[in-house]
Amino acid sequence: MHEFSLARTLWDQIDRLRCAHNAARVVEVRLGVGELAGVEPELLRSAFDLLMESSNLYSVQLHLEQIALEARCEECHREFLVHRFKFECPMCGGNRINVLRGDGLILQQVTLESTENADD
Ligand SMILES: [Zn+2]
């Protein structure tokens, strides 16, 4: 399952962040899912749930946000939103298109909780 390996990669990334910050647990994760990422948000969510369950340590609130597909035309250099995967410039009709965003997953925000050492 494609989403499961993605979730695992992301989870490793998140866990490294947690370690780097010496945090006790991960509270919340905001994830941008590009329209062209080829990811089914609900499958990704269940893959994450499964990972959480098997790690048996954290309960993370996962927020998924869809990211629209944005591109730039290499002919007229204008930027536009791609609708229905129509890779053609709406301004000049050119088809030398560069995808700017919306073609992957972006870890937008990770909220960590530090260890309980508020004694000082
Ligand atoms: Zn154009």
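Values below: all heavy atoms of this structure, side chains included; hydrogens, waters and symmetry mates excluded. Just so you know, ligand 1 is whichever comes first in the structure, and atom 1 is the first atom listed for that ligand.
Note on the Zn ion (ligand 1): protein N, O or S atoms under 2.8 Å away count 4, no waters included.
In terms of the side-chain hydrogen bond (donor to acceptor under 3.5 Å, both in side chains) criterion, Asn95 has no residue partners (sequence neighbours excluded). Applying the salt bridge (charged side-chain N to carboxylate O under 4.0 Å, His left out) criterion to Arg72, with sequence neighbours excluded, gives Glu74, Glu79.
Sorted by first then second residue, the salt bridge (Lys or Arg N to Asp or Glu O under 4.0 Å) pairs that include residues 29-38, not counting sequence neighbours, are Glu28-Arg30.
Val60 pairs in a side chain to side chain contact (heavy atoms under 4.5 Å, CB included) with only one of the listed residues (Thr111, Val29, Val110), which is Val29.
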For this session: Apply side-chain contact (heavy atoms from CB on, under 4.5 Å) to Phe87 and Leu36, showing your working.
Result: CA-CA 12 Å; Phe87 289 95; Leu36 198 64; 4.1 Å; yes
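Atom CZ of Phe48 sits about 13.0 Å away from atom CD of Gln61, to the nearest 0.5 Å.
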